[in-house]
Amino acid sequence: MYRENVLDHYRSPRNKGTLAKPDIKRVGQNPLCGDEIEVTIKLDGKRIKDVKFKGSGCAISQASASMLTEDIKGKPIGDIKKMERDDVVELLGVPISATRMKCAMLALVVVKHGIMSYEGANVPKTTTEDTPGEGA
Ligand code: FES
């Protein structure tokens, strides 16, 4: 059903866990299923120094969190704020249906909201209703 790469990240997630004393800590939910992901980030100036995630969800949500955390390590937060769903689909390398898009986007939405709130924006709640590229 899924490509081997997605299953590999699902079975052996990279960057799973929680960072001690993170600069950014954010939790978000996929309201369709109630699944939740927490992301912790350490910054080095305006760059992601380290990032970890924990939580539960389907293969797509866990694999995309694993792939995203690998991808954003070392990147400037300005670049991450510009990431959209096409970037996540490209990372996953499989076609994503409209329903599964919320699963795929969960980690990115959490990371982006974490950055926004670190920068002083008021983001009271994080859910995939705010999926980038869907008018939010
Ligand atoms: Fe819950 Fe995919 S079914 S995140």
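Counting starts at 1 for both ligands and their atoms, in listed order. Both backbone and side-chain heavy atoms feed into the values below; hydrogens, waters and symmetry mates do not.
- Put simply, the side chain of Arg14 gets close to the backbone of Ser12: a donor and an acceptor are under 3.5 Å apart.
- The closest approach of Asp35 to atom 1 (Fe) of ligand 1, by N/O/S atoms, is made by OD2.
- Ligand 1 lies out of reach of Leu106, whose nearest heavy atom is not under 4.0 Å from it.
- Rounding to the nearest 0.5 angstrom, the gap separating the CZ atom in Arg85 from the OG atom in Ser64 is 13.5 Å.
- In the vicinity of Ser61, heavy-atom distances shorter than 4.0 Å reach the ligand 1 atoms 4 (S).
- Salt-bridge check for Glu119 with Lys81: passed, with a basic side-chain N closer than 4.0 Å to an acidic carboxylate O.
- Side-chain atoms of Thr126 and Arg26 include a donor-acceptor pair closer than 3.5 Å.
- Of all atoms in ligand 1, listed by their number and element, those nearer than 4.0 Å to a heavy atom of Asn30 are 4 (S).
- Arg47 and Asp79 are not joined by a salt bridge, as no carboxylate oxygen comes within less than 4.0 angstrom of a charged side-chain nitrogen.
- Near Cys33, meaning under 4.0 Å from any of its heavy atoms, are these atoms of ligand 1: 1 (Fe), 3 (S), 4 (S).
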